[in-house]
Number of protein chains: 2
Amino acid sequence: MGRGRVQMKRIENPVHRQVTFCKRRAGLLKKAKELSVLCDAEIGVVIFSAHGKLYELATKGTMQELIERYGKYTGGPPADEPMVEPMDAKKEIEMLKQEIEILQKGPRWTLCFKKSKC
Amino acid sequence: MGRGRVQMKRIENPVHRQVTFCKRRAGLLKKAKELSVLCDAEIGVVIFSAHGKLYELATKGTMQELIERYGKYTGGPPADEPMVEPMDAKKEIEMLKQEIEILQKGPRWTLCFKKSKC
DNA sequence: TCCTATGAATAAGC
DNA sequence: GCTTATTCATAGGA
């Protein structure tokens, strides 16, 4: 980026590393917020700097709540299929119905890109 | 980005939202890895999609270890163990989701693309 | 810090 | 999924 490419290895120069850390940390948190808003996702980011300082972000509720949700999810039944966590049933049903409505009304592609692979 | 600006609000069209979620999620995790490597930081990212599916990344060690470190740092209590949550109306939700899946994939890509990983 | 030149990310379209 | 047109992020330098 910027001027010249970036090697994916630890930046040795401590000044450069510090500057890059600040810039990219801000960028990462911004991206996380954006993804959360745009796609209605709950996201948590935890960053420990090399010196051990903590930076964090939780897009919905608190980090503690997110950690608890994480614990429930990973501690649940060992699904071979991607497991989906039940949320408030009423809410979800409403959301799903709305999606269906949008899908049914919205214009559909009539194109089919036939590639040999498929 | 890309073609035209992005409004920082929830994407209403479910197809667009899904596509954006996949792309930006990948981008976010990539950025997190890069920051970790370049600046020698320990980073954890947890993403719950709107439908409750979990995506995660821990750049050093496991997420569980990172959560413990976080708990120590913040002085909070250790992560709770999961609890199982009973559900009703689960059936209806499943049906609706299936319908959405059919609508999204059915007539459009059946002959062309493999099942999406997202 | 602020300011560019450039490399990356990504929204749409296919 | 792949391509392309644009916007975004950011490395280096002032």
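As the structure is a computational prediction, the values presented were derived from the model and not from experiment. Residue numbers begin at 1 in each chain, while the letters A, B, ... track the order of the sequences.
Under 4.0 Å is where a charged nitrogen must lie from a carboxylate oxygen, and between A/Lys97 and A/Glu92 no such pair does.
B/Leu29 places its CG atom 13 Å from the P atom of C/dA9, with the value rounded to the nearest Å. Between B/Lys23 atom NZ and D/dT4 atom P the separation is 14 Å, expressed in whole Å. Atoms CG (A/Leu38) and C1' (D/dT7) sit 14 Å apart, rounded to a whole Å. Per the geometry, CZ belonging to A/Phe21 stands 17 Å off C1' belonging to D/dA9, to the nearest Å.
Side-chain nitrogen and oxygen atoms of B/Lys31 include at least one within less than 4.0 Å of the OP1 or OP2 phosphate oxygen of D/dT10. Side-chain N/O atoms of A/Thr20 include none lying less than 4.0 angstrom from OP1 or OP2 on D/dT10.
No contact: B/Val19 has no heavy atom under 4.0 Å from any strand.
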N/O donor to acceptor pairs below 3.5 angstrom from side-chain atoms of residues 3-13 of chain B, sequence neighbours left out:
residue	atom	partner	partner atom	Å
B/Arg10	NH1	A/Asp40	OD2	3.0
B/Asn13	OD1	B/Val15	N	2.8
B/Asn13	OD1	B/His16	N	3.2

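Residues satisfying the salt bridge (charged side-chain N to carboxylate O under 4.0 Å, His left out) test with B/Arg17, not counting sequence neighbours, are A/Glu99. Taking the ring-ring contact (aromatic ring centres under 6.0 Å, His included) definition, one finds that A/Phe21 meets it with A/Tyr55, sequence neighbours left out. Residues forming a salt bridge (charged side-chain N to carboxylate O under 4.0 Å, His left out) with A/Lys23 (at least two apart in sequence, or on another chain): none. Residues passing the salt bridge (charged side-chain N to carboxylate O under 4.0 Å, His left out) test with B/Glu56, sequence neighbours excluded: none.
When the nearest nucleotides of DNA chain C are assigned to B/Arg3 and B/Lys30 by heavy-atom distance, the more 5′-ward of the two goes with B/Lys30.
Applying the side chain to side chain donor-acceptor pair (under 3.5 Å) test to every pair with at least one member in residues 29-38 of chain A, sequence neighbours left out, gives these pairs: A/Glu34-B/Arg24, A/Ser36-A/Thr59.
Taking five base pairs at each end of the helix from C/dT1-D/dA14 to C/dC14-D/dG1 and finding the rotation axis that steps the C1' atoms of four pairs onto the next four gives two axes whose angle is 30°, to the nearest 10°.
Between the side chain of A/Glu94 and the backbone N or O of A/Lys91, no donor-acceptor pair lies under 3.5 Å.
Residues A/Tyr70 and B/Phe48 keep their aromatic ring centres 6.0 Å or farther apart.
For B/Glu34, the side-chain atoms get nearest to C/dA9 when compared with the rest of C/dA9, D/dA11, C/dA11. Listed nucleotides: D/dT7, D/dT10, C/dA9. Nearest to the side chain of B/Arg5: D/dT7. Checking C/dT10, C/dA9, D/dA11 against every side-chain atom of B/Arg24, the shortest atom distance belongs to C/dT10.
Residues from residues 7-17 of chain A placing a heavy atom under 4.0 Å of any atom in DNA chain D do not occur.
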